[in-house]
Protein chains: 2
Amino acid sequence: MPEPFDLADDTFASNGDRPKSITLKDVARLAGLSPITVSRALHNPKLVKPDTIARVKEAAAAMGYIPNMLAGSLATKRSQLIAAVVPQLSNSMFAETVQGLNDELSAHGYQLLLSVSNYSRQKEDDLLTAILSRQPDGIVLTGIHHQAGVRKKLLATGVPVVEAWDLTPSPIDIAIGFSQERVGEQVARHLLDQGYRRFASICARDERANRRRLALEAELQRHDIAPVATHMATPPTVLNLGREGFRAILAAGHAPEVVVCSSDVLAHGALIEAQAQGIAVPQELAIMGFGDFDFAAFTHPPISSVHIDKRAIGVQAAVSLIAKIEGRPLAQNVIDVGFTLIERGTTHKVA
Amino acid sequence: MPEPFDLADDTFASNGDRPKSITLKDVARLAGLSPITVSRALHNPKLVKPDTIARVKEAAAAMGYIPNMLAGSLATKRSQLIAAVVPQLSNSMFAETVQGLNDELSAHGYQLLLSVSNYSRQKEDDLLTAILSRQPDGIVLTGIHHQAGVRKKLLATGVPVVEAWDLTPSPIDIAIGFSQERVGEQVARHLLDQGYRRFASICARDERANRRRLALEAELQRHDIAPVATHMATPPTVLNLGREGFRAILAAGHAPEVVVCSSDVLAHGALIEAQAQGIAVPQELAIMGFGDFDFAAFTHPPISSVHIDKRAIGVQAAVSLIAKIEGRPLAQNVIDVGFTLIERGTTHKVA
DNA sequence: CTGTTAGCGCATTCAG
DNA sequence: CTGAATGCGCTAACAG
């Protein structure tokens, strides 16, 4: 532990008295060169003689020089900044996407400006204004539905934009995700194939989750089946909402054969509630999750789910954005990362 | 869905051809004023006549003016940016802290630059260099142990710094967290009081988790008790590591009365594994978690844990940073957010 | 390979 | 209350 009890003095106060930063010019002086040469030595070494590069590096190190990227970005019009807006961070699938995004960005020298919209389009819009003022080189948004005017505002700036976690034929710029509708439809077909007929759902009040639910119901309709019960849960999607949701469904007198949940977290809650009530899963009740969270394969029984490569969405967003920023053409501006139904212990063949 | 199929044209390409941004000067011209007056009307309305403010706002709106904060920050030396470095985002307690931090910052007009260190001090150090070049107004680090030189580097810049999730008498600037040692000690005492004697632990390879474990063992020592088994797990701390860990402990022939886990996620895994093996919890095996995650209270049985106000750490970090940035003195630069043992269904009085 | 000149967009002086 | 001059720190463009 270095310098113990240096508190009194070190409590260097309000940032008026910040040490005057040492600049390129200072380094240049010490190295006996012009500022621009120092700049080049640091960022464009090919243009500088090895000797001088060494001299520069030495001087910079000696002075503890830290470049001022604000100034650099202002001059180059490249900020090396990517902004992302997610609906939520804790208890969400987005944390993984953000981590993937960040990892890939970091590997390419970009940094991440992160904002949380709390599922509010208005908030997203407001955040976007603040974000744009930082001149990001790229932006990642969640979803394809935004406040009126967002599309135009974004197009006006010309920043590359990724809309993640959904698909559309007409993205603002780039869309990376999967079809919510196809998920709902496929889940319905799969469960119908297994012989289930009495469906219930526990669904988060989330635009995408709801579209999956509606697509599932539409597919059921086509087979002349209507869901017996639907329980909506307000995010954040915590485990207890799954327990409560299933309890509510039972309390209303419904006896579903299968409960389809908009998230594995809810499915897990339903599973625990069922077990607590002595209902055998999957014999008496089947449960379907979504997202294929880390824990889904390891609960007891493991939860059948829809696998989404959450991390890949983030990584792919970074890759696409960087490609576009660096002027490389994209093969496609709508990327379907797909999904996979995963049959595990909470569902089984009935018919 | 606005403007369907406008893809072909809208695929505005690589950012060379970004629309030349409209500046303060442009707005000024349209409003028939000087740039500085426009600037004041926007950021310092008190210095400007109401009429002209209106005129400015109108002109700005008409042109869709978006201020360039890079330029603004360069001039003012205030970036309104707070940088945070966390070891990990997905499957971690830090997501909640980051969300709290972000919410509070956002409410005060600050934005968050987020980086992930992957539990590497070297990476943290590297990130810090990149971060400092953005001239953040404040920095949040996780933990109190950093690469050599980090402390000095930070002090040299004079940026306010919060070290979160731990405590120390000599923080770089501000520390906000709780004592890992006291957690370990208290958990040991509590379980000893309940009559447990044969302890095992499943512990993440994480500096803080390990210090809690060591403190627990030290307290056991004082009662002449040595743990029967310790299983270390490499982050990310996913549920399956808890299952595997407990399985490994059993496989090694140990028969602990209680398993202390460094995270509720691991505890949950241990719980599921125990149940899968027909071991009754808490009758035959007690399990202690850490973190009081959302799900802990709702598993079956609910998991005894140590509650940490994860979100508060982030909020408090923001509050302290902002206070310092704005020149308000801090009452204290070491803030203990404490912790609370929560007795639930996975432990019970034996003696 | 290195230097000079100019300007990125805005806000801080200081004047009126 | 409004404006003119100057500079934040860096790099693009053009020399040499």
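Proteins come first, then strands; the chains are lettered A, B, ... in the order of their sequence lines, and each starts at number 1. Small disclaimer: the values here were computed from a predicted structure and weren't measured.
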Self-check item: Any donor-acceptor N or O pair under 3.5 Å, side chains S106(A), K123(B)
Solution: yes

Interatomic distance where [atom1] belongs to [X] and [atom2] belongs to [N] [whole Å]:
X       : N       : atom1 : atom2 : answer
R78(A)  : dA12(D) : CZ    : C1'   : 14 Å
L74(B)  : dG9(C)  : CG    : P     : 12 Å
D51(B)  : dT2(D)  : CG    : C1'   : 13 Å
L24(A)  : dT4(C)  : CG    : P     : 14 Å
I22(A)  : dG9(D)  : CD1   : P     : 11 Å
Q135(B) : dC8(D)  : CD    : C1'   : 10 Å
R29(A)  : dG3(C)  : CZ    : P     : 14 Å
N44(A)  : dC10(D) : CG    : C1'   : 14 Å

If the cut-off is 4.0 Å, is [X] near the phosphate of [N], judged by side-chain N/O to OP1 or OP2?
X      : N       : answer
K77(A) : dT11(D) : no
Y65(A) : dC10(D) : yes
T23(A) : dG9(D)  : no
T76(B) : dA11(C) : no
S21(B) : dG9(C)  : yes

Self-check item: Criterion side-chain contact (heavy atoms from CB on, under 4.5 Å) on L127(A) and Q111(B), from CA distance to verdict
Solution: CA-CA 9 Å; L127(A) 288 169; Q111(B) 282 174 279; over 6 Å; no

Quiz item: Testing N118(B), D125(B), D126(B) for side chain to side chain donor-acceptor pair (under 3.5 Å) with Q122(B), which one passes?
Solution: D126(B)

Can you tell me which nucleotide in [options] comes closest to the side chain of [X]?
X      : options                 : value
P50(A) : dC1(C), dT2(C), dA11(C) : dC1(C)
A75(B) : dG3(C), dG7(C), dG9(C)  : dG9(C)
S34(B) : dG3(C), dG7(C), dG3(D)  : dG3(D)
I36(B) : dA4(D), dT2(C), dC1(D)  : dA4(D)
L33(B) : dG3(C), dC10(D), dG3(D) : dG3(D)

Over all strands shown, is [X] touching base, sugar-phosphate only, or nothing at heavy-atom distances under 4.0 angstrom?
X      : value
L47(B) : base
P35(B) : nothing
T52(B) : sugar-phosphate

Quiz item: Does a sphere of radius 6.0 Å around NZ in K153(B) hold more than 12 heavy atoms from other residues, nucleotides or ligands, not counting ones at 6.0 Å or beyond?
Solution: yes

Quiz item: Going through the distances and angles, do D26(A) and L30(A) end up as a side-chain contact (heavy atoms from CB on, under 4.5 Å)?
Solution: CA-CA 6 Å; D26(A) 300 322; L30(A) 191 132; over 6 Å; no

Practice problem: Please step through side-chain contact (heavy atoms from CB on, under 4.5 Å) for the pair N68(B) and T23(B), ending with a clear verdict. | Solution: CA-CA 8 Å; N68(B) 184 330; T23(B) 75; over 6 Å; no

Self-check item: First encountered from the 5' end of DNA chain C, between R40(B) and P67(B)
Solution: P67(B)

